[in-house]
Every structure is written in structure tokens, then in C-alpha cells.
Trainee: 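Below: one structure in C-alpha cells.
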Amino acid sequence: MEKNLKNLSNPKNFNHPVSIENIDKNILIEMIKSMILIRKTEQQLAIGRKTGLIGGPVHLGAGQEAIAVGISQSLTATDRVFGAHRSHSHLLALNPNFYKLFAEVLGKKTGFSKGMGGSMHLFDQQNGFYGSVPIVAGTVSLAVGAAMAAKMQNKKDIGLAYIGDGAVEEGVVHESFNLAKIQNAPMLFVIENNLFASHMHISLRQTSNMTARFAEANSIPYEIVDGNDVCEIYHTAKKQIDEMRDGGGPRFIELVTYRHYGHVDWRDDIDVGVDRSLDDVSNWKDRDPITRLSKSLVNNGIWTIEEENSYCEEIDNKIFAAWDKAINDPYPEQESTLNYVFASKKSKS
Amino acid sequence: MEKNLKNLSNPKNFNHPVSIENIDKNILIEMIKSMILIRKTEQQLAIGRKTGLIGGPVHLGAGQEAIAVGISQSLTATDRVFGAHRSHSHLLALNPNFYKLFAEVLGKKTGFSKGMGGSMHLFDQQNGFYGSVPIVAGTVSLAVGAAMAAKMQNKKDIGLAYIGDGAVEEGVVHESFNLAKIQNAPMLFVIENNLFASHMHISLRQTSNMTARFAEANSIPYEIVDGNDVCEIYHTAKKQIDEMRDGGGPRFIELVTYRHYGHVDWRDDIDVGVDRSLDDVSNWKDRDPITRLSKSLVNNGIWTIEEENSYCEEIDNKIFAAWDKAINDPYPEQESTLNYVFASKKSKS
Amino acid sequence: MKKHNYGTAILSAFEYLLENYPEVFVIGQGLWSPWYVGNTMTDLDKNFGSERIIDTPVSESACTGAAVGASLAGMKPIVVHPRMDFMIFAMDSIVNQAAKWSHMLGGQANPGLTIRSIINRGGEQGAQHSQALHAWFAHVPGLRVVMPSTVADARDLLIASVLSPDPVMYIDDRWLYEQEAKLGPIVELDLSKQKPLITKKGDDITIVSSGHASLLARNTAENLRKKNISCELIDLRILNPFYCDDIIKSVTKTKNLLVVDSGTTTGSFSGEVISKVIENIPIGCLETNPRRLALPDAPAPTSRVLEKEYYLKVSDIEETVLNMIAK
Amino acid sequence: MKKHNYGTAILSAFEYLLENYPEVFVIGQGLWSPWYVGNTMTDLDKNFGSERIIDTPVSESACTGAAVGASLAGMKPIVVHPRMDFMIFAMDSIVNQAAKWSHMLGGQANPGLTIRSIINRGGEQGAQHSQALHAWFAHVPGLRVVMPSTVADARDLLIASVLSPDPVMYIDDRWLYEQEAKLGPIVELDLSKQKPLITKKGDDITIVSSGHASLLARNTAENLRKKNISCELIDLRILNPFYCDDIIKSVTKTKNLLVVDSGTTTGSFSGEVISKVIENIPIGCLETNPRRLALPDAPAPTSRVLEKEYYLKVSDIEETVLNMIAK
Ligand SMILES: Cc1ncc(C[n+]2csc(CCOP(=O)(O)OP(=O)(O)O)c2C)c(N)n1
Ligand SMILES: Cc1ncc(C[n+]2csc(CCOP(=O)(O)OP(=O)(O)O)c2C)c(N)n1
Ligand SMILES: [Mg+2]
Ligand SMILES: [Mg+2]
């Protein structure tokens, strides 16, 4: 097996408009809207953090939106999706309710996790989002268990974990690969390979920059895809997920991408990266998933720049209003700290 | 990469006399003597356990002697060797002092670990044996650290961990592969693939019966060898270890073998195995590493059956005497329980 | 009434759960082996199928995490760790995940799994095959910690644990398996209402204990009765959340307190018991200094002569009580 | 005398060790980042080389195990865990290996590594980024547990930890980093001789604490002095092995005991302190019930309004003392 991403990890490649062949027009428009909505939501979070209105850390995924958006097109509300510390896009791609995200990040009772989680602990099971938490690799084995459960429950639902390239270094992830395969669990391992774990480039942490070598080692069928091409992601994930729903067992998809912001909060962080240059950041911005789809849509007459601008404006206004509302929402009651410790306690009260 | 051991895991293959080409006569005789000594020592342990004189569990490796014996020929007293629960052969191949092993297994002060360890916790650092403990996979990362230390100390010594096929399922082993490679540590991963983890056959636990696929995934040069052919093991390990001492970084050697006894204690355990048949056991006994070398030696006139018999008798007598001595040795003092908790405490007293 | 020992009582709880709750499944090492977990799971794989009784790779961490995830998806999994020592590889799934998900996500995600963790020691197996770490888990908010010491509790608290919506650490000790008792039909208990129990009334001293230490305490009390010392025995049963009121009342009455614990002394749960009692009893009401008996602050030795001294015996407890209150 | 804050004191200990002991090296996540561990390791990689200051993959378990192994081979490694919460993946290497190797192998193998584990909480980071689990490690025989609360101890106990032949869990808390003090030249201390210290003499009440709680206690005592209450402060410093004699003497004198702890209450080390004191002080000598102050039995919440209430403040301690002994 070739064990190098080669061109895929080079930002000077793959910056052309994406191919939109064989995708329904409505889906294309849904996808670009979803990506724009997520980008703008995160931009608002960046501002909120910078101005101090947000008290906790935010791990922004701007630049990586295509992944969750492309995959979520093939997910249903009864699938079992797990995230990690950088999961705004994972949730918003299933439920674009940025108001509840703002409320949560601001620690408000009206948030996705009732104000108990902030940016790093998100929940929306109704829409298939089982939860995200910031222990790196902490949810991977959980997703495998949720996938095993789907099988036991005779449901066609799948388990899915978004996994960073850094998370792949945790031993439990390797145990999870083996367990998922030996159990033939409908589990999709989604590797968001953005080449970095906080300040460390993957070349300083692993012996190859292609994590799919571990899928190969565990005989899990895998695909390696340009993580900034929402259409290719859409096609690949759809095929994999269809196979999984048909009892095909686990799948692995590696998506090569890059984050525009630094590891945490609103800065570009060229200052704190080991091996992250301003040049790279700017080249990767040329490979931006939104721009690339937008160009294709415009070139193919699927939507116009005017439509895009008016959608952006609409979202801007809604975000402004939602932020305002969230800011004025109530905090959780003091009793929450003790009341949520046990489920049984809660049900008694 | 082909991911199946194929013939190597079939006991009906590889039961011919081994090829002794290109090995010095003295080394061949050393190796057969070492294997016989280990076999007989374990037979004594089996009896001791069966009769109740040994109070703790013994995990016997009869059938697997070729591995430690073949590898240890290329080790020095300053290498850093780590074992696990089934480590009698690992230690005896470095230091054939069965008396100290008997004493240890009987819980006597005169044992390798001063009577504090029994069969599962062995120590003989003077001869390169850094320690064995029974938490599966517990020593693998330790060995990597000892290898890293050798590099920092500018020594040509290597770290070595004996690892079962079951241990490979622990996440920390995968972290260790990556760490060893990224650090270019002189670390030899020795996989004793006896196809079982206690009652479970590898096919019930892993997606392939060839663990070397993980070496491949981590770009660690590897070899897969008949674990019952001491000569091939000797050649392969020698080459790998020479490369490591020259700064070549980690190596991986997978040895396919089988244990004659059950997982623990003296029985064949056909009763407690899932997928272990009496037929298999008997076929594997035909592939016995001692018989196969003995036949070659006799065929090639390197030693005679008479010499073998007289060596066996000599060892039998020595074992008998050593056992007797160990049985009569003193137990540790009661203070030992508290005195060995801290090194600094010990040094004060 | 059916005759049981502690081991078959556990087995019958498994059978009851598997028969009545399709969402129950069991996952852990050794479940397809007839000898891994004593007589507590015999033939479950044959009777309920290897898809519900899942033997696993040697991967404690992922298997425990998988059970957490399955519980979030509506199952009621039981993870079995044949030795608590092996479970140390799975601490993240237990402590960072299972115990915290309810709280972190506003009470909406409830990992209702049960972790059956077996204290399995003696037999010269040594320090990595001997630990009783219940004190750790009692220090983890969000985890219910259950330590049955009687045949009835072995069965009934296992059922209550699995039916609880919360993550439960159910800890049994192989040194308890031979106890016998006749049990009536199964009644489903609400785990959140279970508390420490006064298992024997008495006047002279309160002895608080859990798990195997409670068996020792019961045997000690028998001996002491013959010496006219009347012990009040309290079996903790549930260590987390820790309900102490009845213990406080008892000590207020007997004026003497001994806590017996199967863990090593420093940092053991015995300290928690004494502390909570002392914070709350009327000042000056004690006749003697409270005492605790637990293991030496040392890893478990292997050599038989050391091992024998290392673990607590009935005679140790008896002697301590006599030293405390014999007139 | 050189002016330091707690952070630079740690940095100077690293520099001293790396300059004077070629067998010292450091391994952990974030060591090549300027911001991961505050100002405590600034530029070490540049000054001592990236072969001695090793940033790592996200593999807590193997990296900790590697440090154990390196120590067996004669090195003096320091593993850094930027948050104690992440270290939970490494429990086997710490508890089953490092703490037990000396004992299991007859005192012949001594893993003399130091594990620097940082309590790093607040800032709405929540339950998985906030834990203070020192009580767990105090319950592990074979591990020395060190919690420096002062600038001087931050430096000197780190050096003593690394030079100790035993495995040491050195726990610092980022809420301590801004303290300032002037420090004299470095003197190498024998860690095995270090004990809890009376950091302030007083008559009315003994306040025992560790780590950040000791800083709170010092500030409280200042306030209370103005109200004519004289506190005797004892900073635990070393939790394992736990030496309690001076605490017992102090409580015998002041007749009042408050223990303050940064962990969640149940099962915290505060229980150990109260218990050990109570087992050993003259019966009837206390004026008030001993009390303890620790965190609620709940994971750390994120929302700022809850977080603020969750953690201990000087005013909480002050109020408790006043309730206990104000006449
Ligand atoms: C167990 C654990 N170790 C370390 C950390 C600190 N940490 C937070 S995010 C991160 C990097 C993760 O990298 P990756 O998985 O690639 O995700 P990305 O940030 O690139 O999205 C690290 C090391 C953590 N949160 N949990
Ligand atoms: C962490 C841990 N989990 C489980 C066990 C129980 N156990 C002891 S030996 C063994 C099987 C190990 O198999 P393998 O590594 O292949 O070694 P082998 O016994 O075949 O030599 C198991 C599961 C253990 N000792 N430690
Ligand atoms: Mg990444
Ligand atoms: Mg094996």
C-alpha cells in the first residue's frame, strides 16, 4: 500500500472548482447553503470569543465544512453521530439551528446542552447527534458501541465518529477499528485529517501522513478524499453508507483538509504552530470548499453571485438576531450542577 | 500486503527438520541445550503446580522455546528485555539458572525477584532481563522507553518486548509502534503468535491472523518466521538486531507457534479452548522446535542421540537437585511487604 | 425459595435480565470460556447466543467505551472485567465518559451501562491481580458504586444496577462466591433508593464495611457474641452516592466505630466513612477513637507467607474490637 | 535571592535538572509549543534540544510507559501531562507499572520517573478539563504524591521528585502560577524526608490543605487574623506516603480542624486527613466537629454562573471557620 497523501496534502493542488456531476441541483444548493451557514456561524463565534462575550474556548473548523456537510446528506435522524472538540460543523450539518449553538456556547439554559456543555459538549440526539466531548478520541469507541447497538436492534442506522488525525494516535482508536470490524458493526470512521494536532504537524507525530493505512491493517474498506471537495465527499460517503446499511460492516473515509483558524479561538496562530506557515494558510484558503463549490455553481448556472449574496445577507441577519436573543437568554439555575449528576435524580424531581 | 499467515499457521506444514546451514556448530549445540533445559524446567514447574507445591499460576511456554533461544543468541547483557505472563523461556534463554526460577516460583527469598514475584514477575537485569509482569501489554511501552534511553545514552543496546498475539489488541501497543518509529528507537517487537489468547483463537479476535500488518502500517521493517525453527529465528533476529545496533530504528518479528499446555498450569486444556482441538495440539507437537533441530543435528552428525540423552540426564539431575534446594530455601521476611514499596525506604534500612 | 450461592445468584440475575429485557447484552473477556468468571456466567453464551454474550479481543478500553455508546443508543449493556486490575486500561471510558455524559449534556444523555468489575485476588497472583479500587470510583461523581456482600444483594443489586438509568460500577469479590442462602422470587429494586443496611443490630460497637469485608465482619460478630460483645453491623452496599445517616445514628447509639475495608489503608473508603460520621455526630459522644482496618499500604505480595499476612482475617477484626472496647 | 513566580520557579527547576543531570529528559504533549504549559517550560526545547525535550504524539499511555521504561534503564524522565484529565489514558503505566515494579521485583527495579500532572480548570472548560484527582494517587501504594502550593516548593519539590529513586506524581495547579516570592539558591532535598509543613502558627483552629486549597487557606487566614481568629495552617505537600503526626499534634493543641481540598468531596483526601487525626487524637479533646470543604459531588459545569459557585473561594473558607469557632 502506498502510504503517502502526496498531492492531496499539498494546498497548491485541488484548488480548482469542484465537479458537480451527478448531483441533484437541490442538493448542491443545500450543501453550499449549509457550508455558508456554518462558516458564518463560526465567524460569529470567533468575534464572540475575541470580545470576551464567550467565556470558554472555541475550536473553529472554518475550512473543513465540506466534510460534515457532504457526509450528512446521507445521514438520517436516527443515525448515531459522535464528535469531539471541534464539532460545530458536525452538529450544524444535521441541524442548522445556530441559535441553540450560540446559546450553548454562551452557557445559556436554552442551548443544545441546556447550558451545561458550552462549545465542547454538544448534544442533539433528535437529529442524530449523540454528543461531542473534548477528550481526544474519547467518543470513538462509544460510536462503535452505538453501531453495534444498531445491529442488535435490527435497525439500518449507522454509528459515525469524526476523528482527527491526532486522535488516531490514541490506542483506543486502534482497539475500536478492530472491534468494529470483528463485530461487523455499521460504523463509519471519518478521519478529518487537517494535518495538525494543535501545534504539531502530522509529520512530527506519525510515520506517514495517510491514516487510512490503519483501515487497511484492519481490513476496513476505505476511501481517501479531498476534504475540501464537498461533491466528492458526498458521492463517496453516500456509497459507503449505503453499503453499511446493507450490512457491509464498517467503513473508513479519510478527508484531507486544513483549518483556517489556529487550534483554538479566533487567531490564525501562525505564532503557535510548529510547521504552520502563513503561506500554507493562504494557499489552503485558495482551496476553500465554499469558494470551489460556489464557482462551479455559478459557472454551471445553478445559482448566481446575486443569489449567494442575498443568501449571505439573510444568514447574517438571522445570525445577528439569534446571537442577540441568546445573549439575553437565562443561565441555568444553580441547582443544575447537582441535578444533572444522575439521570435518576433528574427524573425524580 | 498479503494479510494471512497461510501455511505458517497450519501445523501440518513446517514439521520437517530445520535447516542448519550457516550456523556455527557450537551455537547449534548451545541452542538445542538451551531449548531442552527450558523444556525440562517447565516440565518440572508443571509437576510442581500439579502437586500443589507451587501456589500460584504458571503459564508454560513449552513448544515456544525456539523464539527466545533463537533471538537471545544475538543479545548482550546490557540489552533491555521485557516479558509478560509467559516468560520463563525469555529469562532462561538469557540466564539458564533454573534454580533461581524454581525458588522464585515457590516464593522463596533466593529467587530471581527475591520471592516477591513468583512465576509472573521475573527480574534479572544483570543479564539483560528488565522484568516481566502479567498485565497483558503492560511492558511494551516500557521497552520502547528503555530503547529510547539506549539511544540517549549513546549505547548500542536495544529494547525488546515479547508480545503475545492477544497483547496486540491492546491500544497501548499501537501507540508504542508509532512512538518507537517516530523516535527511531532501537526497539525490537517480538510477536509470539501462538494463535491464542487464553481460550480464544485469533480468528475470533482479529481481522487477520498476521499481526505484522501493524508493522507495515507503522513503516517498521518486519519479518514473519516459523516460530518453531530456531535456526531461521536465529538468522532473522541476528540480521534485524545488527541493523538496529547500527541505528536502523525499530524492527518487528512475528513468530508463528503454538503452546503445548493450556493457557495456564499443567493441563492440555482441550476442555477450555474455544477452537483448540486435540488434533491441533498433536500436530503442533510434530512441529516441535526441539525435535526438529535434534533431527537435523543427528542427521548432520553434529551430535548423537547418545549425547542428547546424556545431556538430558544431566539436566534432569540438576533440576532435581535445584528443585530440592529451592523447596528448602527460606521465604522472605514479613517486613518485605512494606520494605519493598519504595526504593528510598529500602536504601535507608 | 431457592437455594443459591453468591455465584449462582449472579448467574440468576443475568438470566432474569436477559430473559426479560431484550436490550440487555453482555460484553467482556472470557464470556465464552467456562472458567473465566467462576460459576457466575455458566452457559449464558449457549442459552442466549453469542450475539448477546460477546467475548472480546483483549481491548478493555474500547469494549467499555462501546458499552457506553450502546447504552446511549438505548441498550442496557453489562461490561464484565474479570479482574478490576485489567479495567485500569478502561478508565477514560468510565471516568471521563460514562460518569460525566449526563451532566455535560444537560441530563439528556444517560449512559445506563453496568460495569461488572471483579475483585479477584489471592493465590499468589500478586500486585497486578489483586486490587480493590472501589475508593477511586466512590470519588467519581456521576458513577453509582455498588458492592454486594450477600447472596441476595449479589442478585438483586445486579438487576437494580442494570435497570438503573445511570452508569453503575458493580463490584463483586470472588472470595464471596461460596456463601449460601435461600432466595425468594426476584423483585426489581430502584437502585437510587438503595442504602447501607444494618444487617445486625447491636449495642456495643458499630462495624461498617463493604463487600468481602462485610462477610468478615459478620463472622467476627458471631465470634464476639460468644464473648458477650454485641456488634451492630452496617453493610455499605452503595458507596456512591454515599448515604451516611443511618451510620451516624448507629454510632451515636453504640458510641464506638470500626470501619473494615478491603482496599489498602491510605485513601481507602474507610476514611470517608469515619470522616463523614465525625463531621456529623454530637461532639463528645464517642467512647473510643474510631478505628479502621484495611490492607497495608503496599502492593499485594505473591509469596504465600506474605500473602497470608497481607489480607484481613476474622481474627484481625476480633482483636481490634476487643482492644477497643473490651472492659 | 531571585524573584520568581510559581511558573518561573518550575522553569528554573527544569533548567537546574537539565543542566546538572544528563540523565534527565522531558517527554509530553505540547513541549514544543510556547503556550501549552503556561510559562513553566518556556524555551526548554530551544535551550536543551528537542532530543531531551520531547514533544509527542497524542498517546498518553505509551509516552508514560516509555518514561517508566527509560527510568528502569537509568534515566530520570519527567513526563508532562498538561491536564490531569488526559492522563487518565495512562493509568495502567502509572498504577499497575510504575507504582508496583519495585515491590513486585524484590526492590531491584526502581522506576524513578516523575509524572508532572497539571490541574488545569476554570475558563468554562467543563468536566473533562478540570479534575483534581490527587486522592486516587494517594490510594496507590508505591507512588509518592507531591502537591507544591508555594513558589519555593514548586521549584524545590520538583527537583526532589526527579532525584528521588521512586515514581513520583508531582501535581501543580495553574491557579497557583501567579504567586510571587524571592527564592534563595537551590538546595537538593531528599523527597523521602519531606512532610506536611506548618506554614503559619496559630491557636484557634488547624486548617489542613494542599495545592491551590493551601493558597486559599493562606488568604483566608489573613482575613481572619483581622477578626482576631488565629489559624494554624498546615500545607500537606506530600500526600503519599501520608505523614500525619504534626497534624495530630496541631489539632490536639487548637482543638478544631478544618480540611480544605480541591477535589470533589466524597472520597477526597480530606476524608483521609480527618480520619487519621480522629483515630489518633486524645478522645474528647475536640471543641467542634471537624469539617471539610471541598467541591460538590458533581462534574465541573461549564456555564460561568455555575462554574463560579462550583469552585471554592476564600469567602467559603472564612465563613466555615466563623461558623465553627466564632464565639
Ligand atoms: C486525551 C487528550 N489528550 C490531549 C488533549 C489536548 N488536545 C486537545 S485537541 C488536541 C489535538 C487534536 O488533534 P486532532 O485530533 O487532529 O483534531 P483537530 O484539533 O485537528 O481537529 C489535543 C492534543 C485532549 N483534549 N485529550
Ligand atoms: C490487561 C489484561 N487483560 C486481560 C488479562 C487476562 N489475560 C491473561 S493472559 C491473556 C491472554 C494473552 O494472550 P497473548 O498475549 O496472546 O499471550 P499468550 O498467553 O498466548 O502467551 C489474557 C487475556 C490480563 N492479564 N491483562
Ligand atoms: Mg487534526
Ligand atoms: Mg497468544
Side-chain angles (χ1 to χ4, degrees), chain B residues 80 82 104 109 111-118 120-125 130-131 133 135 137-153 155 157 159 161 170-180 182-183 185 332 336-337 339-348, chain D residues 22-25 27 51-52 54 56-77 79 89-90 92-93 95-113 141-144 163-168 190-193 240-241:
Chain B
R80 297 120 198 250
F82 291 77
E104 188 55 48
K109 202 181 155 176
F112 273 118
S113 306
K114 308 207 169 167
M116 298 302 290
M120 302 200 295
H121 315 80
L122 300 172
F123 180 88
D124 188 26
Q125 193 167 337
Y130 269 52
V133 299
I135 285 288
T139 60
V140 181
S141 57
L142 275 61
V144 173
M148 288 167 58
K151 210 179 131 198
M152 292 188 235
Q153 293 158 339
K155 294 189 179 158
D157 304 325
E170 294 286 8
V172 67
V173 173
H174 297 263
E175 296 183 7
S176 299
F177 292 149
N178 184 47
L179 184 64
I182 205 92
Q183 288 289 326
S336 312
T337 299
N339 279 349
Y340 290 130
V341 176
F342 290 112
S344 37
K345 167 133 190 179
K346 184 192 58 180
S347 61
K348 266 189 298 182
Chain D
E23 63 271 39
V24 169
F25 73 96
I27 180 168
E51 302 198 346
R52 291 181 76 195
I54 305 173
T56 72
V58 196
S59 307
E60 289 80 5
S61 184
C63 293
T64 307
V68 176
S71 74
L72 293 172
M75 304 295 287
K76 296 189 190 302
V79 201
F89 272 129
D92 183 78
S93 299
V95 175
N96 277 334
Q97 313 308 334
K100 296 183 175 43
W101 272 58
S102 167
H103 196 263
M104 293 187 300
L105 302 174
Q108 302 172 102
N110 300 120
L113 81 158
L143 208 57
R144 294 189 183 275
L163 299 183
S164 161
D166 298 310
V168 179
D190 176 350
L191 187 66
S192 71
K193 302 225 161 63
N240 192 15

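Below, read A as the first sequence line, B as the second, and so on, with proteins coming before strands; counting in each chain starts at 1. What you are looking at is a predicted structure, and each value in this text was computed from that prediction instead of being measured.
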Trainee: Which answer fits B:Val133, side chain, backbone, both or neither, if we ask what part of it has an atom under 4.5 Å from a heavy atom of chain D?
Mentor: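 Just the side chain, heavy atoms under 4.5 Å.
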
Trainee: Between B:Gln183, B:His121, B:Met120, which shows the greatest number of heavy-atom pairs under 4.5 Å with chain D?
Mentor: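 Highest number of heavy-atom pairs under 4.5 Å: B:His121.
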
Trainee: Less than 4.5 Å to any heavy atom of chain D: does that hold for the side chain of B:Ser176, its backbone, both, or neither?
Mentor: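 Interface part for B:Ser176: both.
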
Trainee: What pair of heavy atoms forms the shortest contact from B:Gly115 to B:Pro332, and how long is it?
Mentor: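 Where B:Gly115 meets B:Pro332 most closely, the heavy atoms are O-CG, 4.0 Å.
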
Trainee: Does D:Arg52 use its side chain to pair, donor to acceptor, with the backbone of D:Val24 at less than 3.5 Å?
Mentor: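 Yes.
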
Trainee: Using heavy-atom distances under 4.5 Å, tell me whether D:Phe89 contacts chain B through its side chain, its backbone, both, or neither.
Mentor: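 Neither the backbone nor the side chain of D:Phe89 comes within 4.5 Å of chain B.
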
Trainee: Hey, does D:Met75 have a side-chain heavy atom less than 4.5 Å from the side chain of D:Leu113?
Mentor: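 Not in contact.
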
Trainee: Shortest non-hydrogen contact from B:Phe342 to D:Ser102?
Mentor: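 Where B:Phe342 meets D:Ser102 most closely, the heavy atoms are C-OG, 4.2 Å.
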
Trainee: Chain D: which of B:Val144, B:Ile182, B:Val140, B:Ile135 shares the most heavy-atom pairs with it under 4.5 Å?
Mentor: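 Among B:Val144, B:Ile182, B:Val140, B:Ile135, the one with the most close pairs to chain D is B:Ile135.
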
Trainee: Can you tell which part of B:Gln153 gets under 4.5 Å to a heavy atom of chain D, answering side chain, backbone, both or neither?
Mentor: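 Side chain only.
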
Trainee: B:Gly138 and D:Asp92: which non-hydrogen atoms are nearest, and at how many Å?
Mentor: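 Heavy atoms of B:Gly138 and D:Asp92 come nearest at CA-OD2, 4.1 Å.
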
Trainee: Mind checking the OG-NE2 spacing from D:Ser61 to B:His174? Nearest 0.5 Å is all I need.
Mentor: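 Answer rounded to 0.5 Å: 12.0 Å.
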
Trainee: With a 4.5 angstrom heavy-atom cut-off, could you sort out which part of B:Phe82 is near chain D: side chain, backbone, both or neither?
Mentor: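 Looking at B:Phe82, just its side chain touches chain D.
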
Trainee: Let's test your reading of the structure: which of D:Ser71, D:Pro241, D:Gly69 forms the most heavy-atom pairs below 4.5 Å with chain B?
Mentor: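 Of D:Ser71, D:Pro241, D:Gly69, D:Gly69 has the most heavy-atom pairs under 4.5 Å with chain B.
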
Trainee: Where on D:Leu191 is there a heavy atom nearer than 4.5 Å to chain B: the side chain, the backbone, both, or neither?
Mentor: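 Neither part; nothing is under 4.5 Å.
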
Trainee: Below 4.5 Å from any heavy atom of chain B, which atoms of D:Glu60 appear? Answer side chain, backbone, both or neither.
Mentor: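 Backbone only.
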
Trainee: Looking only at heavy atoms, which two atoms of D:Cys63 and D:Pro57 are closest? And how far apart?
Mentor: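 Answer, listing the atom of D:Cys63 first, then D:Pro57: SG-O, 4.4 Å.
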
Trainee: For D:Ile54 and D:Thr56, work out which heavy atoms get closest and say how close.
Mentor: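 Looks like O-CG2, 3.5 Å.
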
Trainee: Can you give me the closest heavy-atom contact between D:Gln97 and D:Ser93, atom names plus distance?
Mentor: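 Of all heavy-atom pairs spanning D:Gln97 and D:Ser93, the closest is CB-O, 3.3 Å.
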
Trainee: Select, from D:Ser164, D:Ala109, D:Pro141, D:Ala99, the one with the greatest count of heavy-atom pairs under 4.5 Å involving chain B.
Mentor: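 Heavy-atom pairs under 4.5 Å are most numerous for D:Ala109.
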
Trainee: At a heavy-atom distance under 4.5 Å, which candidate from B:Met152, B:Met148, B:Arg80 has the highest pair count against chain D?
Mentor: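 Looking at each option in turn, the highest pair count goes to B:Met152.
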
Trainee: Which one, B:Thr337, B:Asn178, B:Asp157, B:Val173, leads in non-hydrogen pairs under 4.5 Å with chain D?
Mentor: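 The answer is B:Thr337.
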
